[in-house]
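Taking it in order: structure first as structure tokens, then the write-up.
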Amino acid sequence: MPQLPGRRCVSPLVSLTGASASLGTQEVLSGVDLRIDRGEIVTIVGPNGSGKSTLMRVIIGAVPLRQGRLEHAPGLRIGYVPQKLHIDPTLPMTVRRFLSLPRRVSDAAATEALTHAGGAGLAGRQMSDLSGGQFQRVLLARALLNRPDLLILDEATQGLDQPGSAAFYRLIEQLRTELGCGVLMVSHELHVVMAASDRVICLNHHVCCEGAPEHVASAPEYRALFGTGTQGALALYRHQHDHHHDEGCSHGDHDHAHDHDHDAEAPTTHSHEAR
Amino acid sequence: MLDDFLVRAALAGLGVALAAGPLGCLVVWRRMAYFGDATAHAAMLGVALALAFDVSIFAGVLVVSMLMATLVSTLSGRGFAMDTLLGVLAHSAIAFGLVAVSFLSGVRIDLMAYLFGDILAVSKGDLAIIWGGAVLVLALLAWRWQALLTATLNPDLAQASGLDPRREQLVLTVALALVVAVAIKVVGSLLIAALMIIPAATARPLARTPEGMALTAAGIGALSALGGLQGSLWFDTPTGPSMVCIAALLFLVTLLLDGLRRGLAQRRSGRASG
């Protein structure tokens, strides 16, 4: 399991070791190892039904593990943005009231969180009247009010158009920098999501491959799942990435070798986890 | 004052309505209307058992309702189709209850009183139980309100905030059984669910927040209880069903008013743009 340099000694926000979980009689996850550190953006990609959402739900504690171990950092605060939040039409709910769940927050805090998430001025609206993009921003604002150590976004850009979701991911990146929280995302939109990630985990019931976005995109396991058609999207990604972030250049082609070096270098973490 | 049977009836109706309104909102939001029905219908079985074992009706109904509510919420997590399951359980419970009552040869009971309530026969002791139960339910809901709302919106959202949605489900189950147990004397096994669902549905278009809807539902329930009692005196009709009728009429009125309001708003915006 490759880790980013310099983060090894810090205890992870969340770690999963040999995690297996079932829904009904079907095993959805088997032998998943995962670790998320403060300040990194980790994205999980995988085909439909590959267990991505279940993995999210395992991490928040909604699905029990059949095997393996889940560890949260002590006092971990999670901000969770679910894949879909259906609010029953019989339930009246203003944005302001929604932000006060489950903990009541002051008007000032609510306004600040809304502004932060790009949803300023929505406080008085009914949740049912919001557009898809506004709804996602309100969900994000609510997650931020918990001052999360870890932000979990499950297909957060569903229903947004491409510029909308690109803007949303830029916002996430910005929040990560401002709050210093870890971010764990699931997405279908490979190229957009990969551009915004430090680390990508390709999941198909088990971890197929993981590492820096470019490493994963060139991995045979990833291509087997998504085909080589995504290379075009990645070209776009590379372009955008170079454009926005200078540090992208320093990784570049070395990622592959780098990860393997790192695997070899880091026996301490592995033996520790095995115990 | 409590010596007047009408005053006792009014207070009994108020107590049940005030607790049933807010609880009914949660039942409606969680799409559990049938769940309330099944629990209420199980009350008939509770009556039969209470008579057979010579314990208080309140205790018998409370225990059986609790069992029924727990059974339903356990089974619902196991992939049964909810509407079918509740249809089976609700009607079986009432049928078994009625059959069980017929076996009790020694007792002569007025079945109608348990099916449709007998609010005019409420004693001071009943009143104490009704208000005790109602206050308990309201306290329980007030205490767990934030958690209940979060879990109602989305169980995973609650889980991620460190709440246990199953615990909130249990809170709701207990509250439901309590309301059924205190309401059986007032509106009877068949109409308890109506006193929860109809005021909540009536309050919906009048409210902008969950709390607003819960308070409005309690108010509408209280209005229905008092109105039904008054109506039953004027027209010499059964009291429990009269209360439900008033609630249904209020529902109709708010529905029409809301439709009118929406129509006007649409016309206004149409005129503004056109």
Side-chain angles (χ1 to χ4, degrees), chain A residues 14 23-26 53-54 56-64 72 75-105 123-129 138-139 142-143 145-154 184, chain B residues 22 24-33 77-80 142-168 196-217 251 254-255 258 262 265:
Chain A
V14 165
L23 291 181
T25 54
Q26 202 181 0
S53 287
T54 306
M56 300 288 120
R57 300 184 66 224
V58 161
I59 290 172
I60 63 170
V63 173
H72 283 179
L76 176 78
R77 283 191 305 264
I78 295 179
Y80 177 58
V81 178
Q83 180 171 13
K84 211 170 158 190
L85 183 66
H86 170 77
I87 296 189
D88 197 273
T90 59
L91 176 56
M93 182 70 75
T94 59
V95 170
R96 175 66 189 86
R97 182 65 188 89
F98 178 73
L99 293 177
S100 270
L101 286 174
R103 267 168 285 279
R104 294 196 182 269
V105 295
R125 301 271 294 275
Q126 284 287 316
M127 293 292 284
S128 51
D129 295 340
V138 170
L139 285 180
R142 198 203 71 98
L145 277 167
N146 199 15
R147 266 173 287 127
D149 306 304
L150 176 63
L151 200 55
I152 297 183
L153 306 144
D154 191 354
L184 178 65
Chain B
C25 289
L26 281 163
V27 169
V28 166
W29 296 334
R30 295 170 78 106
R31 306 234 146 183
M32 284 170 34
R78 310 204 169 187
F80 285 90
W143 174 47
R144 301 305 308 166
W145 187 251
Q146 287 282 88
L148 278 167
L149 264 184
T150 311
T152 297
L153 270 178
N154 185 308
D156 287 351
L157 215 58
Q159 189 89 47
S161 315
L163 301 166
D164 184 356
R166 278 163 306 181
R167 190 168 87 147
E168 306 316 322
M196 288 193 275
I197 309 303
I198 301 178
T202 309
R204 173 62 188 95
L206 305 175
R208 280 182 54 77
T209 59
E211 291 74 23
M213 180 161 155
L215 290 176
T216 312
F251 172 74
T254 56
L255 198 67
D258 188 51
R262 278 165 195 261

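Numbered from 1 within each chain, the chains take letters A, B, ... in sequence-line order. In this text the structure is predicted, and so the values were computed from the model without any measurement.
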| field | Side-chain donor or acceptor of Arg208(B) paired with backbone N/O of Gly124(A) under 3.5 Å | value | yes
Side chain to side chain, [X] and [Y], heavy atoms closer than 4.5 Å:
| X | Y | answer |
| --- | --- | --- |
| Arg142(A) | Ser161(B) | yes |
| Leu91(A) | Leu153(B) | yes |
| Phe98(A) | Pro210(B) | no |

| Interchain contact, Arg30(B) with chain A, by part (heavy-atom threshold 4.5 Å) |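 No part of it gets close to chain A.
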| task | Under 4.5 Å heavy-atom distance to chain A, tell me which part of Ala147(B) shows up: side chain, backbone, both or neither. | result |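 For Ala147(B), neither part sits under 4.5 Å from chain A.
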| Distance (rounded to the nearest 0.5 Å) between Thr152(B) OG1 and Ile87(A) CD1 |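 One gets 11.5 Å once the value is rounded to the nearest 0.5 Å.
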| In Å and rounded to the nearest 0.5 Å, what is the CG to CG distance from Asn154(B) to Leu101(A)? |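 Result: 11.5 Å between the selected atoms.
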| task | Just give me the residue among Met213(B), Glu211(B), Gln146(B), Arg31(B) that pairs up with chain A most often, heavy atom to heavy atom, under 4.5 Å. | result |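 Among Met213(B), Glu211(B), Gln146(B), Arg31(B), the one with the most close pairs to chain A is Gln146(B).
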| field | chain A interface, residue from Leu157(B), Leu163(B), Asp164(B) that has the most non-hydrogen pairs under 4.5 Å | value |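 Between Leu157(B), Leu163(B), Asp164(B), the count favours Leu157(B).
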Is [X] in contact with chain B via its backbone, its side chain, both, or neither, using a 4.5 Å heavy-atom distance?
| X | value |
| --- | --- |
| Arg96(A) | neither |
| Pro148(A) | neither |
| Arg77(A) | neither |

| request: Take Met56(A) and Asp156(B) through the test side-chain contact (heavy atoms from CB on, under 4.5 Å) and record every step on the way to the result. | output: CA-CA 10 Å; Met56(A) 300 288 120; Asp156(B) 287 351; over 6 Å; no
